[in-house]
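Throughout, a chain's letter reflects where its sequence line sits, starting with A, and its residues are numbered from 1. This one's a predicted model, so the numbers in the text were calculated from it and none came from an experiment.
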Protein chains: 2
Amino acid sequence: MNKAYEQLQTYLERAQAFQTARVLFEWDNETLAPRAAGPNTSRVVGTLSGEYFSVITDPEVKKLVKECEKEDLTETEKAIVRELAEEIDKLEKVPAKEYREFSELTSESARIWADARKKKDFDSFAPTLKKLIEYTKKFASYRAGEGQKLYDVLLDDYEKGFDMETLDRFFGTLKEQLVPFLKKLTDSGVKVDDSFLTGDYSERDQEAIGRFLAEYVGFDFDKGVMAVSAHPFTTNLHNKDVRITTSYNNHVDDSLFSVIHESGHAIYEMGIPDDLTQTLVGTGASMGMHESQSRFFENIIGRNRAFWVPVYGRLQKQFPAQLKEVSLDQFVKAVNKVEPSLIRTQADELTYSLHVLIRYEIEKMLIEEDLDVEELPRIWADKYEEYLGVRPKDVAEGVLQDIHWSQGSFGYFPSYALGSAFGAQLYAYMKKEMDFEGLLEKGDMGRIREFLRENIHRYGKLKTSRQMLKDVTGEDFDPQYYIDYLTDKYGKLYGI
Amino acid sequence: MNKAYEQLQTYLERAQAFQTARVLFEWDNETLAPRAAGPNTSRVVGTLSGEYFSVITDPEVKKLVKECEKEDLTETEKAIVRELAEEIDKLEKVPAKEYREFSELTSESARIWADARKKKDFDSFAPTLKKLIEYTKKFASYRAGEGQKLYDVLLDDYEKGFDMETLDRFFGTLKEQLVPFLKKLTDSGVKVDDSFLTGDYSERDQEAIGRFLAEYVGFDFDKGVMAVSAHPFTTNLHNKDVRITTSYNNHVDDSLFSVIHESGHAIYEMGIPDDLTQTLVGTGASMGMHESQSRFFENIIGRNRAFWVPVYGRLQKQFPAQLKEVSLDQFVKAVNKVEPSLIRTQADELTYSLHVLIRYEIEKMLIEEDLDVEELPRIWADKYEEYLGVRPKDVAEGVLQDIHWSQGSFGYFPSYALGSAFGAQLYAYMKKEMDFEGLLEKGDMGRIREFLRENIHRYGKLKTSRQMLKDVTGEDFDPQYYIDYLTDKYGKLYGI
């Protein structure tokens, strides 16, 4: 009898319920809620957040966690207690008053950022950003271990086991090898026509093909929902209620690949086993591992010629006017067109990680080197010019493009690039295990999806991303797979 | 300084948050949630219900309520404390464990009902219904006053001051006067052509006109949402987030009038003042008063010739193929066609209350006379034959047609008929105060809506329905207004 563990369950169930309700309110707010609902609904969500905080930091919970150490728990139970202990630690070390001040700041700051971006006026956001950085550093300092750097504390929140030392090496490799490769590619003068991807693609038809593709790659509509929001995202209440959104515009590839991307996130959450869902370990292992799945589906599967062999005819049928005369190869080339650009979320697969590299370097400077916030627009522009060969003409397409910092999220960006690198390492391994492209050409997604479920999804948060990668591939994280994947793929596509 | 009242606010805010979250889950479940989500989501909803229960029945709350008696409170504050005291009483008498089991049951049972209805298989729902009735009776027995009948306890929840004695008289009057009137009408041999209301009415066009009508009668889309569900309903998170649903089929009048009906409910909730919303008195006074508003909009306004004078052209424009050749008078006759039928929600205004009468009689038998659930399909069919002259050929168009019982709602149906009667009494009064039909003909909904807001909506639950009716019309509830309204209207329409 594990009495303390049993007693914890009531608290965990309550915390889970508050958290799930918050998720539903967030989903609702992004997809459906009426314009005027904001302030009244915020009161409700604020109260639910307070309840979550109260449960987790209840002194009784802390006591029970301690007692659990003496009990004979299963691996899963141990992992749940470990996650809880971390959550307590995270919430408890920040004085409630400061946390509240910070919450108030962040409930305002995203709006200030949005206004500043709209007015292309960095100065109106700078003082807020400064405060956000101050709080972030202060909170990190409360939580830092002996001799631990502040930015490492933040990185650890999103990706355990990836500190600045590891990331310096990772991003260093990217910079060293991808920047020159990109230059070679753009200098090659190869022109790719993707004009047919833009046009009168009706929202209705985009939705129909989006639903088809989601289901085709493995999104289970019995356990999921697809809706529309300003920016695509995935969320989940539990493993049998996973929700994705997309948005529609006249670039058909935006919705096609955002649906496949979000389906990758969703399939991860749908693959969490029943005995883990609705517990503290019942979700994806980390931000990076999540992105590894979404980007795996989007790029390694979705932008693969083999994927479209059985599917492209279906797409042409949906859009005969636009695609009847476009061959499979023209289409595949177009959706893999490389073009150094200013906006991260619209970046192609090759240049994407360079956008992330820039954010990583700047975050390090902000957190570790006391970079003056006023300097940001210039430094941002200089780095874009250096790595990507393009220079923003204003802050809206420069330093103000991402929402993350305005929400107080620092240390989150690196996971985007890490996810792609995880995916490439998995891909290299899977190609040895199965005829990856052959399966895609046969329209057989099952084997690939089952591999991911069996080796990644089913573990939830029982292992770290790094451990999982090691267990699957037999090797520690190695960024070279990512570089090789990209240079190989784009070398062939561009004949360089 | 009203210290106890101030201290109560934290508890009330938490109770409100849990309640609002439950409402959102319910909305989501009816409109969007994936099929397989049920059991996991039920756990969450069950926990939230338990939290609501814990807050309301917290001994500290009870103590504070007592202390409030000594404080100098405003009328609104007193009403809030009174509602809270009633809620405590209601919940406290039910053991927490049973309440939670019941909540979990009801979050599953609607799905079981829907499946059973689809399969036309009463037996697959019967065991669930049995359990629902058992819980309902058990809970009512905990709450019953000295010598109070169980069904009276339930009736009181929806309509204070209307017990079986009053309702026996009310339904007795209806049965006595309307059943023969209906017979006379059907025997008259007058034929009304409504064939044009059925046809190829596209969902898209129905939605467009539905949105137009909702807005026309006063639904504010800045504060509301319209969606699709199996069974139309209205719900609200607060006065700035009010949601209606409808469903679409090839009978265009179904969606037209369900939208106007639900808009009536919604306008009531949108009319709750800011200082009442999100409090225990911040919603409609009672089920019956709510139905009085929805049916007022649907029938007294919406099926009124005067209403369609400025609007019918718009409808014809939406459906030229179907309605171009149909005159306003033909249309108005058709939407007021009396035809004894099997489905309550599709019933005409005249026969509607007879559907409710049947449910009232059956609920009385289920709660007061231990009627065996297995007997329901037969008894249901017999009563339809007796009062309406029609007999269902299966349970989908018989006893399984309504969602209410599957949600554990017993005692709710009578309010539908009471609401119509309240509305008729209000209408009789308003006609003396304003040129009702003249306003409708001018397309001026404002004066009528404002009257309802000023005299009913703005009070929330500060008064009972019966009191409000008295305050507005100067008379106690009198069902004769309803009978007179119906026999007058349909006597004229059918020339009998």
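With a 4.5 angstrom heavy-atom cutoff, B:Glu13 touches chain A via backbone and side-chain atoms both. Both the backbone and the side chain of A:Thr41 come within less than 4.5 Å of a heavy atom of chain B. When heavy atoms are compared at a cutoff of 4.5 Å, A:Arg243 approaches chain B solely by way of its side chain, counted from C-beta outward.
A side chain to side chain donor-acceptor pair (under 3.5 Å) with B:Arg43 holds for exactly one of A:His238, A:Gln278, A:Gln16; it is A:Gln278. Checking each of B:Asp241, B:Thr20, B:Asn239, B:Leu237 against A:Asn40 for a side-chain contact (heavy atoms from CB on, under 4.5 Å) leaves exactly one that passes, namely B:Asn239.
Note: B:Leu32 leads B:Leu32, B:Val45, B:Thr277 in heavy-atom pairs under 4.5 Å with chain A. Of the listed residues (A:Glu51, A:Gln19, A:Arg22), the one with the most heavy-atom contacts under 4.5 Å to chain B is A:Glu51. Put simply, of A:Asp222, A:Asp220, A:Leu48, the one with the most heavy-atom pairs under 4.5 Å next to chain B is A:Asp222. Ranked by non-hydrogen atom pairs under 4.5 Å with chain A, the options B:Leu24, B:Asp274, B:Asp28, B:Thr10 are led by B:Leu24.
Counting heavy-atom neighbours within 6.0 Å of B:Arg211 CZ, excluding the residue itself, gives a total above 12. Within 6.0 Å of CZ in B:Arg458 there are more than 12 heavy atoms belonging to other residues, nucleotides or ligands. Around the OH atom of A:Tyr99, the shell of radius 6.0 Å holds no more than 12 heavy atoms that belong to other residues, nucleotides or ligands. For B:Glu26, the CD atom is loosely surrounded, since the number of other residues' heavy atoms within 6.0 Å does not exceed 12.
Heavy atoms only, all atoms of each residue included: A:Pro34 and B:Phe221 are closest at CB-O, 4.2 Å.
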